[in-house]
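Chain letters run A, B, ... following the sequence lines, proteins first and then strands; every chain starts at 1.
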Amino acid sequence: MWDKYLFATSVQHALQLLVEHRGQARIIAGGTDLVLQSQRGERPSRVMVDITRIPGMNFISVWDGYLHIGPLVTHHAVTASPLVQEKAPLLAAACRAVGGPQIRHAGTLVGNVVNAQPAADGAIALVALDAEAEVTRRTGSTWVSVLLLFRGVGVCAADPCQEIVTALRFRPMRASDGWGFQRLARRRALSLPIVVTAAAVSLEGSRISTARIAVGPVAQTPLRPTAAESYLAGRSATLDALAEAARLTAETAQPRDSVLRGSREYRTAMVDVLVRRALSQACRLE
Amino acid sequence: METLTFSVNGKEISVEIEPDEMLAGVLRDRLGLIGTKIACGEGECGACTVLVDGVSYTSCIFPAMKAQGRRVLTVDGLSDGVTLHPIQEAFVEETAAQCGYCTPGFIMSTKALLDENLHPSHEEIMTGVSGNLCRCTGYYQIVRAVESAARKLDSEARP
């Protein structure tokens, strides 16, 4: 599959190796997606640049008004973090749903994002949290919305030949915020989702001030159903209102017939059901 | 070829490997440690589970180079060759193996679980082995074996 397996000692070193190898090198962290892709001949690469031994990339911390997550933070580390459990329980729930313990020990949340699958649990939660990713190249870094990193199925806007995502950040949830995470899959573990949805709702009593909803895989990229979100803004959290928001979401979902995930009709119907459940969970109306 | 130097079941080993080999293949084919099984080969069934620095991974998708300088524990290293490890004992006593192909993976996941939490609840056991699939047993005996192993290790730990 590859001819060389190198360990980067720093982000700059990793970037230098990428540039030196002119498109023939790729970053590997946990490798839970990348190894399989390499075995199937997708994402071919002559050189693997392993970033897992770079110090200081494992951070989960709050500063500057954001919760920051480093590129080596695994799904397991996210679920185990008291800070995430307190400030972003939605993300902890999403990461807990990925694979099984062995996969969660290896796979990173940033890897989940750059792999750019609209079914990715961690990424769906990050999109609902309006998360941003720090994209770093040799000349410097920029913050980009995670949602905008998704260009298509498996296509990330970050250039894998010269850019590395070095952090994620999002505003922590407040204690009064509600959240919901719902997932439909063939099994309770070791299963990609048929539909997965995350909802983050800020509530004033029983009134929704803002709702953020993310759904996948119902399109080439994660879906933020803005019509449903606008509908809910300022509205009282009643079962009818949540049902209408779910209906509006299902209207904008565009799943295709799929051997793996079911017919278009089934998948669209399930979007309605799951978004309704996620919103009920978030508004504590279950 | 690259030189992989690491500790396997307590022994320092150096072995020449191709840079794109997976740990499962190195353990089985280069080191003759055939306790670790490759079933799906895609990290989706857990049969190949080993511990690296005490953490469980599916070794069939774990690039062997990642084990450089690390400590690997496989099922082959659990017992002293004469006396079964309490987890192995529990699996035998509870008839938790039928074809036995998934068993080494379950045992290693159990070791990882009990090393971290000696008194897992039923939910915690189910989550702890949720990365392992069995086609034979229906899981009931496996869960009982994990519970029994926990009791055995707990009584061993008490003075």
Side-chain angles (χ1 to χ4, degrees), chain A residues 1-9 25-53 72 74-77 79-80 92-93 95-108 111 185-192, chain B residues 1-4 17-25 39-70 105-106 108-113 115-117 120 123-134 139:
Chain A
M1 292 183 284
W2 53 79
D3 301 326
K4 276 199 276 186
Y5 196 94
L6 307 172
F7 287 97
T9 52
R26 197 175 276 283
I27 299 294
I28 186 169
T32 52
D33 286 316
L34 200 43
V35 167
L36 294 175
Q37 287 156 349
S38 299
Q39 286 172 347
R40 294 194 292 251
E42 302 157 18
R43 305 205 200 277
S45 203
R46 297 260 57 96
V47 179
M48 284 294 170
V49 178
D50 186 309
I51 56 169
T52 61
R53 307 218 181 177
L72 297 184
T74 61
H75 288 91
H76 171 76
T79 65
C95 289
R96 202 170 291 128
V98 174
Q102 298 92 319
I103 296 291
R104 292 194 291 273
H105 289 150
T108 60
R186 297 167 96 107
R187 287 183 294 269
R188 277 183 275 173
L190 293 175
S191 249
L192 285 172
Chain B
M1 298 292 268
E2 297 278 356
T3 307
L4 173 62
I17 65 167
E18 298 286 0
D20 58 356
E21 285 185 44
M22 295 298 126
L23 183 58
C40 76
E42 296 185 331
E44 297 257 359
C45 75
C48 65
T49 303
V50 301
L51 304 192
V52 181
D53 289 338
V55 178
S56 63
Y57 298 96
T58 42
S59 61
C60 72
I61 56 168
F62 190 96
M65 289 296 292
K66 279 181 172 294
Q68 192 74 266
R70 305 243 114 113
F106 268 101
M108 297 315 288
S109 288
T110 303
K111 170 118 176 74
L113 169 68
D115 280 352
E116 206 187 290
N117 178 2
E123 264 313 302
E124 286 167 333
I125 292 176
M126 299 301 271
T127 304
V129 299
S130 64
N132 293 79
L133 298 179
C134 173
Y139 300 98

Max heavy-atom pair count under 4.5 Å with chain A, selected residue of B/E18, B/E42, B/R70, B/M126: B/R70
Which atom of B/S130 lies closest to which atom of A/G100, heavy atoms considered: OG-CA, 4.3 Å
Within residues 28-35 of chain A, the residues sitting under 4.5 Å from chain B by heavy atom, in sequence order, are A/I28, A/A29, A/G30, A/T32, A/V35
Contacts of residues 37-48 of chain A with chain B (heavy atom under 4.5 Å): A/Q39
May I ask you to test the B/S109-A/P101 pair for a side-chain heavy-atom distance under 4.5 Å? no
Derivation of the side-chain contact (heavy atoms from CB on, under 4.5 Å) call for A/Q102 and B/E44: CA-CA 9 Å; A/Q102 298 92 319; B/E44 297 257 359; over 6 Å; no
Can you say whether [X] sits under 4.5 Å from chain B via the side chain, the backbone, both, or neither, judging by heavy atoms?
{"X": "A/R96", "answer": "neither"}
{"X": "A/T52", "answer": "side chain"}
{"X": "A/L190", "answer": "both"}

Partner set under salt bridge (Lys or Arg N to Asp or Glu O under 4.0 Å) for A/R188, not counting sequence neighbours: none
How many angstroms lie between atom [atom1] of [X] and atom [atom2] of [Y], to the nearest 0.5 angstrom?
{"X": "A/Y5", "Y": "B/L4", "atom1": "OH", "atom2": "CG", "value": "11.5 Å"}
{"X": "B/Q68", "Y": "A/F7", "atom1": "CD", "atom2": "CZ", "value": "6.5 Å"}
{"X": "B/M65", "Y": "A/D50", "atom1": "CE", "atom2": "CG", "value": "9.0 Å"}

Could you list the donor-acceptor pairs under 3.5 angstrom formed between side-chain atoms of residues 55-62 of chain B and any protein atom two or more places apart in sequence or on another chain?
unit_1	atom_1	unit_2	atom_2	d
B/S56	OG	A/H105	ND1	3.1
B/S59	OG	B/C48	O	2.6

Can you establish whether the number of heavy atoms outside A/R53 located under 6.0 Å from its atom CZ is more than 12? yes
